[in-house]
Amino acid sequence: MLRHLISAADLTRDDAVLILDTAEEMARVADRPIKKLPTLRGRTVVNLFFEDSTRTRISFEAAEKRLSADVINFTAKGSSVSKGESLKDTAQTLEAMGVDAVVIRHGASGAPYRLANSGWIDAAVINAGDGTHQHPTQALLDAFTMRRRLVGRDAGLGQDLGGRRITVVGDILHSRVARSNVDLLHTLGAQVTLVAPPTLVPVGVGSWPCEVSYDLDAVLPKSDAVMMLRVQRERMNAAFFPTEREYSRRYGLDGDRMARMPEHAVVMHPGPMVRGMEITAEVADSDRCTVVEQVANGVSIRMAVLYLLLGGNEPAVTHTRTEEKSDR
């Protein structure tokens with residue numbers, strides 16, 4: 001494994017499959033009465049969040065605590081960052097405290113890369129989302145969910161997503177989730193199609209390893225998974241489409257459109273969902289929608305990433321008798 005996890009594009013097929021298989025082991029821990037492993041006991045992990053987050057922050061915290069790490073939560077609001085402290089000074093403060101890993105979410109694209117390569121801190125850096133750039137653990141949990149649903153929980157071990165057709169719909173321009181998924185799903189052998197209004201498709205998308213369509217109805221019948229993305233109004237500084245009603249009519253997923261998908265196909269969403277905009281309540285609450293599964297799988301994936309970056313040399317779940325006695 002690499003020292004840091006900054007971008008989904010950094011992962012090889014073997015890296016990605018190793019993380020997915022390790023996450024399958026971690027998921028078994030969630031079925032136990034005591035959902036805890038001693039793997040990262042004595043290690044300190046900082047959650048450094050400069051942007052608002054619910055699922056990602058709680059998911060990382062749950063993963064860290066299940067691996068017995070010491071967890072420090074840092075949010076920019078109410079910290080010295082609000083007084084003007086720079087990322088460098090914050091990083092050097094954490095370095096002085098002797099942290100082993102930093103999970104960082106930042107509004108500026110490239111901030112995690114800067115943190116990992118600047119020499120400010122000697123710790124593993126995990127990107128929890130940077131601007132409109134990357135969100136690698138989200139792409140990993142999406143791939144994990146797809147593999148479980150489309151290939152099978154046990155049958156999927158050691159397998160990739162070769163030949164599967166994945167459609168990503170919505171605000172591609174502002175989406176770090178879309179960029180990460182295109183990179184990772186291509187690495188895992190899937191065929192990705194992006195669907196969005198022309199105004200929400202990034203310049204240079206022609207160089208991405210995917211296809212682009214402006215007609216959602218044309219691609220639905222041949223999709224194994226359809227991922228709906230939220231329109232990120234907080235990142236918009238112009239009018240990218242005339243009205244919400246028109247956007248929803250052309251690019252929203254409702255019951256009629258879901259019925260045109262193959263029977264085995266699933267509907268995904270990274271959250272938070274805007275019901276009535278990109279997805280209707282009927283679709284969001286259906287059995288084919290994996291939103292709640294994705295949250296549960298996110299904990300397993302983040303446990304796997306933390307384990308491989310920090311724990312790495314010992315087996316993830318199995319322990320010797322001596323270790324079991326010491327755990328008691």
Side-chain angles (χ1 to χ4, degrees), residues 51-55 107 109 129 131-135 138-139 142 145-146 165-182 185 190-263 265-292 294:
E51 275 191 332
D52 295 340
S53 171
T54 301
R55 289 160 203 73
S109 299
T132 59
H133 177 228
Q134 282 278 333
H135 193 353
Q138 180 69 45
D142 291 338
T145 305
M146 289 177 209
R165 294 175 179 270
I166 315 300
T167 301
V168 183
V169 187
D171 184 0
I172 309 296
L173 179 63
H174 301 100
S175 177
R176 53 194 174 209
V177 174
R179 286 167 173 79
S180 298
N181 268 293
V182 167
L185 293 172
Q191 299 173 35
V192 184
T193 302
L194 303 178
V195 180
T199 52
L200 289 176
V201 175
V203 174
V205 74
S207 63
W208 295 15
C210 64
E211 296 175 7
V212 178
S213 171
Y214 304 111
D215 185 354
L216 177 57
D217 294 315
V219 298
L220 285 177
K222 51 191 179 185
S223 300
D224 295 305
V226 177
M227 184 181 300
M228 306 305 297
L229 300 177
R230 178 177 66 89
V231 173
Q232 300 188 39
R233 294 195 174 281
E234 70 275 14
R235 299 188 197 278
M236 292 184 177
N237 55 9
F240 288 86
F241 48 85
T243 64
E244 289 186 10
R245 180 181 292 181
E246 179 172 326
Y247 178 89
S248 184
R249 185 169 56 82
R250 294 203 58 186
Y251 297 100
L253 189 63
D254 56 18
D256 291 339
R257 282 194 165 122
M258 184 169 68
R260 293 176 214 160
M261 294 164 54
E263 281 187 25
V266 294
V267 177
M268 307 181 72
H269 198 302
M273 291 187 289
V274 182
R275 292 175 182 240
M277 180 80 169
E278 73 271 8
I279 191 168
T280 63
E282 178 190 357
V283 176
D285 296 330
S286 73
D287 292 338
R288 300 175 78 173
C289 186
T290 65
V291 172
V292 177
Q294 286 169 264

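Atoms considered below: every heavy atom in the structure, side chains included; atoms not considered: hydrogens, waters and symmetry mates.
When each of Val266, Asn181, Val267 is paired with Met227, the side chain to side chain contact (heavy atoms under 4.5 Å, CB included) condition holds for Asn181 and for no other. With Leu194 as the fixed residue, the side chain to side chain contact (heavy atoms under 4.5 Å, CB included) test singles out one of Leu200, Val168, Ile166: Val168.
Remark: the backbone N or O of Val283 is paired with a side-chain donor or acceptor of Ser286 at under 3.5 angstrom. For Ser109 (side chain) and Thr132 (main-chain N/O), a donor-acceptor pair under 3.5 Å exists by modelled atom type. Counting only distance, with no hydrogens or angles, the side chain of Thr280 and the backbone of Asp254 share no donor-acceptor pair below 3.5 Å. With hydrogens and angles disregarded, a donor-acceptor distance shorter than 3.5 Å links the side chain of Arg288 to the backbone of Ala265.
In terms of heavy atoms, Ser180 sits closest to Gln134 at OG-OE1, 2.8 Å. Of all heavy-atom pairs spanning Met268 and Ala225, the tightest one is SD-CB, 4.4 Å. Annotation for Pro202 and Trp208: closest pair CG-CH2, 3.7 Å, computed over non-hydrogen atoms. Taking both residues in full, the closest heavy atoms of Met228 and Tyr251 are given as CE-O, 3.4 Å, listed atom of the first, atom of the second, then distance. Annotation for Ala196 and Gly170: closest pair CB-O, 3.0 Å, computed over non-hydrogen atoms. Minimum heavy-atom separation, Gly129 to Arg176: C-NH1, 3.7 Å.
Residue pairs meeting the side-chain hydrogen bond (donor to acceptor under 3.5 Å, both in side chains) criterion with at least one partner in residues 212-225, sequence neighbours excluded, are Thr167-Ser223, Asp217-Arg257, Asp217-Arg260, Asp224-His264.
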task: Determine, step by step, whether His269 and Arg230 satisfy the side chain to side chain contact (heavy atoms under 4.5 Å, CB included) criterion, reporting the C-alpha distance in whole Å, the side-chain angles of both residues, the deciding distance to 0.1 Å, and the verdict.
output: CA-CA 8 Å; His269 198 302; Arg230 178 177 66 89; 4.2 Å; yes
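Taken to the nearest 0.5 Å, the CZ atom of Arg179 stands 10.5 Å off from the SG atom of Cys210. Atoms OG1 and CD1, from Thr199 and Ile172 in turn, are 11.5 Å apart once rounded to the nearest 0.5 Å.
In this structure, Asp256 has no salt bridge (Lys or Arg N to Asp or Glu O under 4.0 Å) partners at least two apart in sequence or on a different chain. Taking Pro221 as the reference, nothing meets the side-chain contact (heavy atoms from CB on, under 4.5 Å) condition, with sequence neighbours excluded. The side chain to side chain donor-acceptor pair (under 3.5 Å) test applied to Arg250 returns no partner, not counting sequence neighbours. Looking at residues two or more places apart in sequence or on another chain, you find a side chain to side chain donor-acceptor pair (under 3.5 Å) between Gln294 and Asp142, Thr290. With sequence neighbours left out, Arg245 forms a side-chain contact (heavy atoms from CB on, under 4.5 Å) with Thr243.
Taking 4.5 Å as the limit, some side-chain heavy atom of Pro270 sits within range of a side-chain heavy atom of Leu229. For the pair Val169/Leu216, a side-chain contact is recorded, criterion being any heavy-atom separation below 4.5 Å from C-beta on. A heavy-atom distance below 4.5 Å is not found between the side chains of Val274 and Val231.
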